[in-house]
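Each chain gets a letter, A, B and so on, in the order its sequence line appears, and its residues count up from 1.
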There are 2 protein chains.
Amino acid sequence: MKNSTKLSDAIHILTYIVINQGTDLSSTQIAKSVNSNPVVIRRIMAQLKNEGCLISSNGRANPQLARPADTISLLDIYRAVEEETDFLKIDTKTNPNCNIGRHIQTTLDKYYQQVQESAEKEMNKIKLSDIIKEIQSIQQ
Amino acid sequence: MKNSTKLSDAIHILTYIVINQGTDLSSTQIAKSVNSNPVVIRRIMAQLKNEGCLISSNGRANPQLARPADTISLLDIYRAVEEETDFLKIDTKTNPNCNIGRHIQTTLDKYYQQVQESAEKEMNKIKLSDIIKEIQSIQQ
DNA sequence: TAAACTGTAACATATATTGTTACAGGTAAA
DNA sequence: TTTACCTGTAACAATATATGTTACAGTTTA
């Protein structure tokens, strides 16, 4: 993981597409809402498409969810847009000639995985539909 | 959170200090094990000291744990060394003139907190003593 | 055929992370 | 009390990562 806002932006994009169906859904228009650049939006959308979250077609500003919003979890979106999904990063450059430098990595790896699993389990519970509903209810 | 190995290195340092008591515990020596720079080590140690995890004294290479290893959790160390502890980062630059740009932040914040709490709860369960024991058992 | 769009590569900028140099001042032992 | 070695910390450099931008080939629709 990292200091990236790609997950937030990806959720933003998907939510935008669902809520604003029928209006202009070009990357330029979405970029205005995210306050970013059309290319950045298309980049994220390409990743979402790759992972089966989004349908879009070349030349047409007509993106759609690839499947129902209650079957798309935060974890799905996270995995789609982040190439490195680990929240905690192990230092892999430690000195292998040292007892601790040599063994710290496998030990930490085990515990870091526990933390990762716990976070991912929680992310899997949260669905895109939850977020969409919440934003729609605020808007009314 | 971020793409930082400070947590890993901090655990490494603390483990090193406990296991190698009686030997040379200068920042230069520890840096060799971490395969880093003495100043980087001292920087991390200063943060651990600040948060009550470590005792060290100016001029003397004699660092010690500030309290028993089974009372120091991964979460304590993480909070000591990382100034920004959030694993997921919200894009705060979205367009406030847009319905979604305006409301996405508070909505995501709520769900991100759930993920954060879940991860932190897990990190709190893991104690420095667990890691030390594990490395000691491998070494035998 | 024209206007507007997507998809993607290539490059530029910004920011975060780690490494390095430098030095003031503490400590311990000869 | 001098010497060698240490910590703590500031300032700067190098590197890695994230985001923004320009450019353009090819698609779609009217």
Side-chain angles (χ1 to χ4, degrees), chain A residues 1-10 12-13 17 23-51 54-64 78 80-95, chain B residues 1-10 12-13 17 23-51 54-64 78 80-95:
Chain A
M1 218 287 303
K2 52 235 17 159
N3 220 343
S4 155
T5 58
K6 271 164 91 179
L7 174 63
S8 290
D9 292 339
H12 189 143
I13 292 166
I17 288 169
T23 71
D24 178 6
L25 296 180
S26 67
S27 59
T28 303
Q29 192 60 32
I30 298 174
K32 282 180 191 160
S33 174
V34 177
N35 205 3
S36 175
N37 190 290
V39 177
V40 173
I41 302 300
R42 277 180 255 155
R43 207 140 60 187
I44 293 172
M45 286 175 76
Q47 293 184 285
L48 291 168
K49 191 180 181 180
N50 259 337
E51 296 301 312
L54 190 72
I55 295 169
S56 69
S57 34
N58 195 340
R60 299 177 60 210
N62 187 31
Q64 307 270 339
Y78 180 64
V81 296
E82 298 285 2
E83 31 289 315
E84 176 59 68
T85 55
D86 289 351
F87 291 115
L88 297 171
K89 190 177 160 195
I90 291 175
D91 187 345
T92 56
K93 295 187 295 187
T94 56
N95 185 351
Chain B
M1 219 287 300
K2 50 230 24 154
N3 221 341
S4 156
T5 58
K6 271 163 91 178
L7 174 62
S8 290
D9 292 340
H12 189 144
I13 292 166
I17 288 169
T23 72
D24 178 6
L25 295 179
S26 66
S27 59
T28 304
Q29 191 60 32
I30 298 173
K32 283 179 190 160
S33 175
V34 177
N35 205 4
S36 175
N37 190 290
V39 178
V40 174
I41 304 299
R42 276 179 256 154
R43 207 139 60 185
I44 293 172
M45 286 174 75
Q47 293 184 286
L48 291 168
K49 190 179 181 181
N50 257 338
E51 295 302 312
L54 190 73
I55 295 169
S56 70
S57 36
N58 196 342
R60 301 179 58 211
N62 186 32
Q64 308 270 340
Y78 180 64
V81 296
E82 298 287 1
E83 31 288 316
E84 176 58 67
T85 55
D86 290 350
F87 291 115
L88 297 171
K89 191 177 160 194
I90 292 175
D91 186 346
T92 55
K93 295 187 297 188
T94 57
N95 184 352

Notebook entry, point to check: Are A:S4 and D:dA18 close enough that a side-chain N or O sits under 4.0 Å from OP1 or OP2?
Noted result: no
Checklist line | Atom pair distance, as rounded to whole Å: CD1 in A:I17 and P in C:dT6 | finding: 10 Å
Check: Looking only at side-chain N and O atoms, does A:S26 come under 4.0 Å of OP1 or OP2 in C:dT6?
Finding: no
Next item on the list: Could you check how far CD of B:E82 sits from P of C:dT17, rounded to whole Å?
Entry: 7 Å
Notebook entry, point to check: OP1 or OP2 of D:dT19 sitting under 4.0 Å from any side-chain N/O of A:S36?
Noted result: no
Item checked: Separation of A:I30 CD1 from A:I13 CD1 (nearest 0.5 Å) -> 6.5 Å
Check: Looking for any heavy atom pair under 4.0 Å, which part of the strands does A:R42 touch: base, sugar-phosphate only, or nothing?
Finding: base
Next item on the list: Output yes when a side-chain donor or acceptor of A:S8 lies under 3.5 Å from a complementary backbone atom of B:K89, and no otherwise.
Entry: yes
Note to self: I need the B:L25 CG to B:Q64 CD distance, nearest 0.5 Å.
What the structure shows: 8.0 Å
Margin query: Under 3.5 Å, is there any donor-acceptor pair linking the side chain of B:N58 to the base of D:dG8?
Written below: no
Check: Are any non-hydrogen side-chain atoms of A:V81 and A:L48 less than 4.5 angstrom apart?
Finding: yes
Checklist line | Gap between atoms CG and P, on B:D91 and D:dA18 respectively (whole Å) | finding: 14 Å
Notebook entry, point to check: Reckon B:T5 has a side-chain N or O less than 4.0 Å from the OP1 or OP2 of C:dT18?
Noted result: yes
Next item on the list: Look at the side-chain N and O atoms of B:S57 and state whether any lies under 4.0 Å from the OP1 or OP2 oxygen of C:dT27.
Entry: no
Checklist line | Rounded interatomic separation in angstrom, taking CE from B:M45 and P from C:dT18 | finding: 18 Å
Next item on the list: Round to the nearest Å and state the distance from B:L48 atom CG to D:dT7 atom P.
Entry: 14 Å
Item checked: Test side-chain contact (heavy atoms from CB on, under 4.5 Å) applied to B:H12 and A:T94, step by step -> CA-CA 9 Å; B:H12 189 144; A:T94 56; 3.6 Å; yes
Check: Is a side-chain donor or acceptor of B:K49 paired with a backbone partner of B:S56 at a separation under 3.5 angstrom?
Finding: yes
Check: Quick one: is A:R60 getting a side-chain N or O under 4.0 Å of the C:dT6 phosphate, OP1 or OP2?
Finding: no
Note to self: Just N and O in the side chain of A:K49: are any of them under 4.0 Å from OP1 or OP2 of C:dG7?
What the structure shows: yes
Notebook entry, point to check: Does A:K6 make a side-chain N or O approach to OP1 or OP2 of D:dG20 shorter than 4.0 Å?
Noted result: no
Next item on the list: Would you mind reading off the distance between A:N37 atom CG and C:dA14 atom P, rounded to a whole angstrom?
Entry: 14 Å
Notebook entry, point to check: What does B:T28 touch in the nucleic acid at a heavy-atom separation under 4.0 angstrom: a base, only the sugar-phosphate, or nothing?
Noted result: nothing
Next item on the list: Return the value, rounded to whole Å, for the distance between atom CD of B:Q29 and atom P of D:dC6.
Entry: 9 Å
Margin query: Between B:P63 and B:K93, which residue's closest nucleotide on DNA chain D lies nearer the 5′ terminus?
Written below: B:P63
Check: B:K89 has an atom NZ; how far is it from atom P of D:dT17, in whole Å?
Finding: 16 Å
Notebook entry, point to check: Is any side-chain nitrogen or oxygen of B:S56 closer than 4.0 Å to OP1 or OP2 of D:dG8?
Noted result: yes
